[in-house]
Amino acid sequence: MRPYVKRVASISENQEHSDYDFVIIDTPPSLGALSVNSMAAAEDGVIIVSNLDVMSTRGIESFIESTQMVQMANPSHRGILGILFALYSDRRQVDRQVDNWAKQFLPIPVFDTRIPETSNVKKANSSKFLVSQIDKKMKAAYDAFAYEVLYATEH
């Protein structure tokens with residue numbers, strides 16, 4: 001069974017949001033006005049994407065607090081669905097340590113999928129292909145993540 005997404009719309013399209021299964025709003029890694037407004041608009045849930053370095057993980061707590069404030073203002077907001085770790089390498093001890101720390105101490109779910117670090121990202125960007133089209137590990141990771149998101153939104 002493959003996940004089905006009708007299509008992802010740009011915000012500028014003037015159609016009802018109910019026409020889409022998922023809308024992905026990719027924001028900068030900050031808590032500026034764009035990110036907070038996008039977080040507030042994402043009533044069905046927010047997914048945090050983070051690298052596994054110390055500086056990236058320090059910002060997670062601030063993100064959680066901001067999402068909690070959005071939920072207080074809008075009780076129908078679903079909050080954080082979970083955190084997805086990207087640029088992961090199981091060969092790096094620090095990546096495994098941060099991963100274990102997050103599972104033990106963060107008050108939010110940690111998705112099982114890890115988006116691996118690969119040099120094919122730059123190759124995909126320059127060739128105008130999706131990284132999942134030229135890297136089998138990335139395709140498998142994004143497929144696994146899509147299933148996890150479907151499960152998280154259904155339960």
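- Atom CG of Leu31 and atom OG of Ser66 lie 4.0 Å apart (nearest 0.5 Å).
- A continuous path of Ile, Leu, Val, Met, Phe, Trp and Tyr side chains, each step under 4.5 Å between heavy atoms, connects Leu106 with Val94, placing both in one hydrophobic cluster.
- Hydrophobic clustering, with ILVMFWY side chains joined whenever heavy atoms are under 4.5 angstrom apart, groups Trp101 together with Ile64.
- Taking the salt bridge (charged side-chain N to carboxylate O under 4.0 Å, His left out) definition, one finds that Asp95 meets it with Arg92, sequence neighbours left out.
- Ile48 and Phe105 fall within the same hydrophobic cluster, where Ile, Leu, Val, Met, Phe, Trp and Tyr residues are linked whenever their side-chain heavy atoms come under 4.5 Å apart, directly or through other members.
- The hydrophobic cluster containing Leu87 does not contain Leu52, counting ILVMFWY residues as joined when their side-chain heavy atoms lie under 4.5 angstrom apart, directly or transitively.
- Residues satisfying the side-chain contact (heavy atoms from CB on, under 4.5 Å) criterion with Asn37, sequence neighbours excluded, are Ala33.
- Atoms NZ and OG1, from Lys136 and Thr118 in turn, are 13.5 Å apart once rounded to the nearest 0.5 Å.
- Within the structure, no pair that satisfies the salt bridge (Lys or Arg N to Asp or Glu O under 4.0 Å) test touches residues 64-84, not counting sequence neighbours.
- Using modelled atom types, no side-chain atom of Glu43 and backbone atom of Ser76 make a donor-acceptor pair closer than 3.5 Å.
- When all heavy atoms are compared, the tightest approach of Thr113 to Leu84 is O-CD1, 3.4 Å.
- The nearest pair of heavy atoms linking Pro109 to Leu81 is CG-O, 3.5 Å.
- Side-chain contact between Asp44 and Thr153 is absent, with no heavy atoms from C-beta onward closer than 4.5 Å.
- Taking 4.5 Å as the limit, some side-chain heavy atom of Met69 sits within range of a side-chain heavy atom of Met72.
- Here the side chain of His77 pairs a donor or acceptor atom with the backbone of Met39 at under 3.5 angstrom.
- Side chains of Phe63 and Val46 form a contact here, defined as non-hydrogen atoms less than 4.5 Å apart.
- Across all their heavy atoms, Asn120 and Ile134 have their closest contact at O-CD1, 3.6 Å.
- In terms of the side chain to side chain donor-acceptor pair (under 3.5 Å) criterion, residue partners of Ser56 (sequence neighbours excluded) are, by chain and number, Asp53.
- Contact check for Tyr88 versus Ile115: no side-chain heavy atoms found under the 4.5 Å cut-off.
- Sorted by first and then second residue, the ring-ring contact (aromatic ring centres under 6.0 Å, His included) pairs involving residues 108-135 (not counting sequence neighbours) are Phe111-Phe145.
- Within a 6.0 Å sphere centred on CD of Gln133, other residues, nucleotides and ligands contribute more than 12 heavy atoms.
- Summarising the geometry of Ile60 relative to Ser50, their closest heavy-atom pair is CD1-OG, 4.0 Å, with the distance given to 0.1 Å.
- The line from OG1 of Thr57 to CG of Asp99 is 11.5 Å long, rounded to the nearest 0.5 Å.
- In terms of heavy-atom proximity, Arg114 sits nearest to Ala141 at O-CB, 3.8 Å.
- Between Arg96 and Asp90, the shortest heavy-atom distance links the atoms NH1-O, 2.5 Å.
- The number of heavy atoms from other shown groups lying within 6.0 Å of NZ (Lys103) is above 12.
- For Ser119, there are no side chain to side chain donor-acceptor pair (under 3.5 Å) partners at least two apart in sequence or on another chain.
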